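Each chain gets a letter, A, B and so on, in the order the sequences are listed, and its residues count up from 1. The structure displayed is predicted, hence computed values, not measured ones. Below, each value reflects all heavy atoms present in this structure, side chains not excepted, and no hydrogens, waters or symmetry copies.
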Amino acid sequence: MRHAARLLPLLAFAGALGVWWLVKWAFGWQAFILPSPGEVAQALWRQRSFLPEHAWVTLLETLEGFLLAIVVGVALAVAIAYSRTLERSIYPLLVALNAVPKLALAPILVLWMGFGAGPKVVMVVLLCVFPIVLSTATGLKSTAPELDELIRSLTASELQAFRKVRVPAALPHVFVGLKVGISLAVIGAVIGEFVGATHGLGYVIVASGQNADTTLAFASIAVLAALSVALFYLLVALERLLIPWARHEQG
Amino acid sequence: MGSAGVRIRIDGVSQQFAAGRHRSPTQALDGISLDVHEDEFVTLVGRSGCGKSTLLRIVAGLLKPTAGRVEIDGVAVTGPRRDVSFVFQRPALLPWRSVIENVLLPVEILGLDKQEYGRRAHDLLELVGLEGFARSSPWELSGGMQQRVALCRALVANPRILLMDEPFAALDALTREDLSLELQRIWTEYRKTILFVTHSIEEAVLLADRVAVMSPRPGRLVKIVGVDLPRPRSLGESRRSEELHRRSAELHELLFAREAA
């Protein structure tokens, strides 16, 4: 049964490829409308030095932005969790910021920061900081009541309570935010590259679209998806390593 | 014990909880006065909702009473104290720390000598039969073992007073009895002043020098009963259990009579 459970995602993936292939065959589309899975695979192989080069650029932008978002997000979360005043003042601002369609900001960022990595990194931060703030603040505020009483009864200082109890207790929540955030981070980097870039997978997608090289665009998207999935599972692995207790917690 | 000094003085303590949107203000405690002497074991027994846990939190300094005061060694309690340990109904262990690290948490927080108290922590784990589990994680232990670890944590910094809030309530009957015996052994060995809250009359009689009986709404002290039986006491021992059962039956009647009235 466990074996079958592991096979299921592979089976679903194969099914999706099958549907893709079937649609192309049924409509008789040519490669510049919709390439077949096989054609995309061929493009991936042909561009085996070109695509990784651009994927590397996108990966660096994503990671830089993601790390910056963690720093900013955790700082904001601590402020929100510890001060009612700050919570009341910052929180609505964050919600408003999150409600802005970030795509609309991309051209302005390019105008301000040029065509380098800058606007991409900022776009990544804008996209993934909100779930990180939200989950970290929730984690810091939802210390189990009995741990709260315990630490108070031990006459701990606020700093001791923070370091020894609140932060470790918040980690499972933090990881929820990070896992949501990492996928958004990849999207942020690509949005940044769409608007003005000379490198990166987002740039390759736009450029190949202009050349009607749909197959290359699809190959880039495939690499992007693989990148995003890999980053996600890297976080899952990190989570298991850092907080093994989370899976054993009962209630 | 009679000649020993007063360690905890509860003096006319009342607690009123403010009204919420859907409820009127509740009088949780009404004028409770009780002295607990040095090295005495006192149990507070009553139905759930009689305010016994609230009273314990007031003694611990975790809660401020609306009226009255608590003194420990003649000093008014204004907040948690270093020489008072609290044992909760749930073990409240930190899951990211090993058993020994959990036991040493108070040592870190109070800034005590890690070497000296590390030895003590190991001694305590040995005392409760967990010497082989120092490096284990809390989730690898049963509920009874976790509560033993919590007991070691409460004792490690050598407090003079132990406040225990139904510490065995979540355990099965057999584990409960084991821990009751262990607690009596620890108490005879280390000599602490213990205030122990329970809703079980048998447990209250089994453990205590004196049983303070409370009635609910508002929480009042109804009666204080002395239990002058040799230790260790166990419900299984027929010679003493007869006496224990007689005391329990008396208190049982007392609690029921109050409810009916």
Once ring pair (Phe, Tyr, Trp, His ring centres under 6.0 Å) is applied, do any residues pair with B/Tyr117, and if so which ones, sequence neighbours excluded? none
For B/Glu108, is it the side chain, the backbone, both, or neither that has a heavy atom closer than 4.5 Å to a heavy atom of chain A? both
Bottom line for A/Ala161: the part with an atom under 4.5 Å from chain B's heavy atoms is neither
Checking side-chain polar atoms at under 3.5 Å, does A/Asp148 have a donor or acceptor matched by the opposite partner on A/Thr143? no
Do the ring centers of A/Tyr203 and A/Phe194 come within less than 6.0 Å of each other? no
Working note: A/Thr58 + A/Glu193, criterion side-chain hydrogen bond (donor to acceptor under 3.5 Å, both in side chains); need CA distance, chi angles, decisive distance, verdict. CA-CA 8 Å; A/Thr58 306; A/Glu193 289 168 356; 3.0 Å; yes
Any donor-acceptor pair under 3.5 Å linking the side-chain atoms of B/Asp178 with those of B/Thr175? no
Within 6.0 angstrom of B/Arg97 CZ, more than 12 heavy atoms from elsewhere: yes
Who among B/Pro80, B/Gly79, B/Ser137 has the most heavy-atom pairs with chain A under 4.5 Å? B/Pro80
Tell me, please, which residues at least two apart from A/His199 pass ring pair (Phe, Tyr, Trp, His ring centres under 6.0 Å). A/His54
Please classify the contact of B/Leu93 with chain A as side chain, backbone, both or neither, using a heavy-atom distance under 4.5 Å. backbone
If you apply the rule side-chain contact (heavy atoms from CB on, under 4.5 Å), what do you find for A/Val236 with A/Lys179, and how did you get there? CA-CA 8 Å; A/Val236 172; A/Lys179 285 190 280 186; 3.9 Å; yes
When the 4.5 angstrom heavy-atom criterion is applied to A/Ile151 and chain B, the contacting part is side chain
Using non-hydrogen atoms only, which part of A/Glu149 is less than 4.5 Å away from chain B: side chain, backbone, both, or neither? both
Got a sec, which pairs hit ring pair (Phe, Tyr, Trp, His ring centres under 6.0 Å) with one end in residues 62-112 of chain B, sequence neighbours left out? A/Trp245-B/Trp96, B/Phe86-B/Phe88
Name the region of B/Val84, side chain, backbone, both or neither, that has any atom closer than 4.5 Å to a heavy atom of chain A. backbone
Considering only heavy atoms, give the residues of residues 54-62 of chain B separated from chain A by less than 4.5 Å, sorted numerically, with 'none' for an empty result. B/Arg57, B/Leu62
